[in-house]
Amino acid sequence: MYTDLRNWMDQVDSWGELRCFQNVDWNLEMAGIADLAYRKARGVRPAVLFDHIKGYPDGYRALFNQLGSPKRLALTMGLRTDYPTMMDFVRGVREKTRNLSFIPPEMVPSGSVTENVVTGEGIDLYRFPVPFFHEKDGGRYFGTGHTVIMKDPESGWVNLGTYRMMVHDPQTLGIYISPGKHGDLLRQRYLKRKEKIPVAVAVGCDPALWLASTMEVPLGVSEYDYAGGLKGEPIEVIRGPKTGLPIPARCEIALEGELDPQDPRLEGPFGEWPGYYAGS
């Protein structure tokens, strides 16, 4: 089993399923190339990695189309990667999820995500090559292939969900959570208590954790436990120094902050994958 996103990428690259592009602009070009690579691919749809992004140092990379092939999805779910037919793969997925045993995360003292730490006025979200995806988007979107971490103020249940996040200024992100999602249920509980909402965000985390974050995991079950079940081993987490929330120890980027119900801002629109713009 792979250890983290970088090790996962190494395995995918060894199969020839990782395409690398250089000297691409964050403004529309990255998203456009990634979309073409997925919709127009002949054969396997590759994962797409951008490096040497215009205006940014080498090594500030962006990954698109992460789980766009059955083989990459199988690797992520801890399944064999050589099913003879697609139907055999579907049966493997059903069997795995039907009998999944949840494995809680393991708290560790530190992780690679703590190698570089910036706080206070030193924070600048634009130091990263945040994509501008579509020409009519409301702004640049820091959060699409990420997970938002929140905790139930009553039970302590930790929930992870993928909710789009637009950059408003160098130190402010907005989170749009659709009504009825687990993150929205937690948000409403904080609002009733008239409290600000502690939030952590992980970008470039373990692919199994990101997959769990996008799925309909049962209410009350943490996506950390679900992802641990997929991998057959616990996800390592550290305790966030600002929020106390568990943060993936090996993710590439982690953010901590709070949602302030007294500071609403207009977010969106955002171009969704079927081809329409979701409103503001």
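In what follows, every heavy atom counts, from backbone to side chain, and hydrogens, waters and symmetry copies are set aside.
- Counting heavy atoms of neighbouring residues, nucleotides and ligands inside a 6.0 Å radius, atom CZ of R140 exceeds 12 of them.
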Evaluate the criterion salt bridge (charged side-chain N to carboxylate O under 4.0 Å, His left out) for residue pair E17 and R72; output intermediate values, then yes/no.
CA-CA 8 Å; E17 290 198 12; R72 299 200 297 276; 2.8 Å; yes
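- Between A249 and V108, the closest heavy-atom pair is CB-CG2, 3.9 Å.
- Within a 6.0 Å radius of CZ in R94, other residues, nucleotides and ligands contribute 12 heavy atoms or fewer.
- Within 6.0 Å of atom NZ in K242, 12 or fewer heavy atoms from other residues, nucleotides or ligands are found, so the atom counts as exposed in its surroundings.
- Residue-environment remark: CG (D82) exceeds the threshold of 12 foreign heavy atoms within 6.0 Å.
- Using a 4.5 Å cut-off between side-chain heavy atoms of Ile, Leu, Val, Met, Phe, Trp and Tyr, with links allowed through other members, L67 and L18 fall into the same hydrophobic cluster.
- No single ILVMFWY cluster, assembled from side-chain heavy atoms under 4.5 Å apart, contains both L219 and F102.
- The heavy-atom pair separating T162 from T147 by the smallest distance is OG1-CA, 4.5 Å.
- Tracing side-chain contacts under 4.5 Å through hydrophobic residues (I, L, V, M, F, W, Y), one never reaches V148 starting from L5; they form parts of separate clusters.
- Heavy atoms only, all atoms of each residue included: S178 and D184 are closest at O-CB, 3.6 Å.
- In the hydrophobic clustering of this structure, L63 does not group with V24; members are Ile, Leu, Val, Met, Phe, Trp, Tyr whose side-chain heavy atoms approach within less than 4.5 Å, directly or through other members.
- A cation-pi arrangement is not found for K151 relative to Y190, the charged atom failing to lie both closer than 6.0 Å to the ring centre and inside a 45° cone about the ring normal.
- No option in L173, D260, T172 other than T172 meets the side chain to side chain contact (heavy atoms under 4.5 Å, CB included) test with R265.
- Counted within 6.0 Å of NZ on K181, heavy atoms from surrounding residues, nucleotides or ligands total 12 or fewer; the atom is thus considered open.
- A side-chain donor-acceptor contact under 3.5 Å links W157 to the backbone of V221.
- Note on I149 and L259: separate hydrophobic clusters, where clusters join Ile, Leu, Val, Met, Phe, Trp and Tyr whose side-chain heavy atoms are under 4.5 Å apart, directly or indirectly.
- Residues F64 and F50 bring their aromatic ring centres within 6.0 Å.
- For E121, the CD atom sits in a loose shell: 12 or fewer heavy atoms of surrounding residues, nucleotides or ligands are nearer than 6.0 Å.
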Using the salt bridge (charged side-chain N to carboxylate O under 4.0 Å, His left out) rule, take R6 and D4 through it: C-alpha gap first, then chi angles, then the decisive distance, then the call.
CA-CA 6 Å; R6 297 191 189 199; D4 56 18; over 6 Å; no
Between D25 and F132, is a side chain to side chain contact (heavy atoms under 4.5 Å, CB included) present by the stated rule, with each step listed?
CA-CA 9 Å; D25 202 313; F132 188 77; over 6 Å; no
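- Checked by atom type and distance alone, the side chain of S101 never pairs as donor or acceptor with a backbone atom of G229 at under 3.5 Å.
- Defined by atom type and a distance below 3.5 Å, a donor-acceptor pair is present between the side-chain atoms of E256 and T243.
- More than 12 non-hydrogen atoms from other residues, nucleotides or ligands lie less than 6.0 angstrom from CZ of R80.
- Side chain to side chain, E267 and Y141 meet the donor-acceptor criterion of an N or O pair below 3.5 Å.
- When atom types are taken as modelled, the side chain of R45 and the backbone of Y38 share a donor-acceptor pair closer than 3.5 angstrom.
- Shortest non-hydrogen contact noted between N7 and M1 is OD1-O, 4.4 Å.
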